[in-house]
Amino acid sequence: QVQLVESGGGLVQAGGSLRLSCATSGRAFSTYVMGWFRQAPGKGRELVSALETIGGSTYYADSVKGRFTFSRDAAKNTVFLQMNKLKFEDTAVYYCAANDGVPAGSRWYDVGYRYWGQGTQVTVSS
């Protein structure tokens with residue numbers, strides 16, 4: 001079992017920055033793929049970024065590429081999503097997710113994530 005706890009959401013003006021954190025516990029050593037998702041009101045859940053923890057590969061959705069950065073502090077069992085140059089369209093509930101399957105293939109980030117945090121609200125004012 002893997003437990004995920006997000007923090008760091010809040011209200012920020014357009015152009016500002018936030019850093020989301022996701023603390024992992026339990027069988028964290030088997031979380032081979034970590035992901036950040038978001039869901040805006042009335043919209044489906046979108047994969048924003050992902051990290052393959054074995055080789056260090058990253059994925060970013062086109063909408064956030066160049067603005068968001070996925071990183072990890074292995075000593076603290078924590079991953080981060082640094083969000084810069086925030087836009088109104090980034091407003092959503094952001095979820096941390098993990099999968100314990102061994103990733104493979106060019107679409108390693110497109111998996112059924114087994115473990116989810118409760119989410120943290122990010123609101124960007126314009």
Side-chain angles (χ1 to χ4, degrees):
Q1 190 71 257
V2 175
Q3 294 81 44
L4 307 174
V5 180
E6 305 102 326
S7 62
L11 174 65
V12 65
Q13 293 186 15
S17 299
L18 285 174
R19 188 180 73 162
L20 305 183
S21 299
C22 176
T24 67
S25 61
R27 296 182 60 85
F29 55 85
S30 64
T31 54
Y32 301 122
V33 178
M34 300 292 300
W36 283 101
F37 288 76
R38 68 185 181 187
Q39 186 166 21
K43 298 183 179 180
R45 190 165 295 182
E46 172 192 19
L47 176 62
V48 175
S49 184
L51 173 70
E52 186 267 294
T53 62
I54 300 175
S57 297
T58 55
Y59 162 84
Y60 296 96
D62 289 342
S63 59
V64 307
K65 190 173 297 183
R67 299 188 297 121
F68 291 10
T69 303
F70 200 151
S71 63
R72 176 176 61 150
D73 187 336
K76 298 180 179 179
N77 294 317
T78 303
V79 298
F80 306 93
L81 184 67
Q82 178 66 46
M83 306 186 294
N84 297 326
K85 300 183 182 299
L86 283 161
K87 304 175 180 179
F88 174 77
E89 305 92 270
D90 295 319
T91 296
V93 176
Y94 283 72
Y95 298 89
C96 181
N99 193 60
D100 56 2
V102 177
S106 60
R107 294 182 61 86
W108 54 267
Y109 49 86
D110 187 13
V111 298
Y113 290 81
R114 292 175 58 87
Y115 308 104
W116 296 82
Q118 293 301 304
T120 185
Q121 176 71 48
V122 172
T123 303
V124 183
S125 62
S126 61

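Side chains are part of it too, since the values below use all heavy atoms of this structure and drop only hydrogens, waters and symmetry mates. For clarity, every value in this text was computed on a predicted model and none was experimentally measured.
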Beyond-backbone contact of C96 with V79, side-chain heavy atoms, under 4.5 angstrom: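 The answer is yes; the side chains approach within 4.5 Å.
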
Do L51 and S57 come within less than 4.5 Å of each other through their side chains, counting heavy atoms only? no

[atom1]/[X] to [atom2]/[Y] distance, rounded to the nearest 0.5 angstrom?
X	Y	atom1	atom2	answer
K43	E89	NZ	CD	8.0 Å
L86	S125	CG	OG	10.0 Å
M83	R19	CE	CZ	11.5 Å
S21	Q82	OG	CD	9.5 Å

Expected output: side-chain [X] to main-chain [Y] donor-acceptor under 3.5 Å:
X	Y	value
E46	R38	no
Q13	G16	no
Q39	V93	no
E6	Q118	yes
S63	A61	no
T31	D100	no

In a check of ring-ring contact (aromatic ring centres under 6.0 Å, His included) between F37 and each of W116, Y109, Y95, Y59, which one passes? W116

Show your reasoning for whether side-chain hydrogen bond (donor to acceptor under 3.5 Å, both in side chains) applies to S25 and Q3. CA-CA 5 Å; S25 61; Q3 294 81 44; 3.2 Å; yes

Non-hydrogen atoms of [X] and [Y] that approach each other most closely:
X	Y	value
S17	N84	OG-OD1, 2.9 Å
Y32	P103	CB-CD, 3.6 Å
Y113	G35	CE2-N, 3.9 Å
A23	T78	CA-OG1, 4.1 Å
S126	A14	CA-CB, 4.4 Å

Before giving the answer on side chain to side chain contact (heavy atoms under 4.5 Å, CB included), spell out for T24 and M34 the whole-Å C-alpha distance, their side-chain angles and the decisive distance to 0.1 Å. CA-CA 10 Å; T24 67; M34 300 292 300; 3.8 Å; yes

My understanding is that only residues two or more places apart in sequence, or in another chain, count here; which of them pass salt bridge (Lys or Arg N to Asp or Glu O under 4.0 Å) with R45? none

Pairs involving residues 38-92, ordered by first then second residue, that meet disulfide bond (SG atoms under 2.5 Å apart) (sequence neighbours left out): none

For L18 and V122, what are the C-alpha separation, side-chain angles and deciding distance, and is it a side chain to side chain contact (heavy atoms under 4.5 Å, CB included)? CA-CA 9 Å; L18 285 174; V122 172; 3.9 Å; yes

Can you hop from L4 to F80 via hydrophobic side chains spaced under 4.5 Å? no

Run the side chain to side chain contact (heavy atoms under 4.5 Å, CB included) check on L81 and F68 step by step: do they pass? CA-CA 7 Å; L81 184 67; F68 291 10; 4.1 Å; yes

Assess whether a salt bridge exists between D90 and K87, defined as any Lys/Arg side-chain N lying under 4.0 Å from an Asp/Glu carboxylate O.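 Looking at D90 and K87, the cut-off is not met.
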
Could you check V48 against Y60 for side chain to side chain contact (heavy atoms under 4.5 Å, CB included), going step by step and ending with a plain yes or no? CA-CA 6 Å; V48 175; Y60 296 96; over 6 Å; no

Going by the rule side chain to side chain donor-acceptor pair (under 3.5 Å), which residues pair with T123 if we only count those two or more places apart in sequence or in a different chain?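 Applying side chain to side chain donor-acceptor pair (under 3.5 Å) to T123 gives Q121.
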
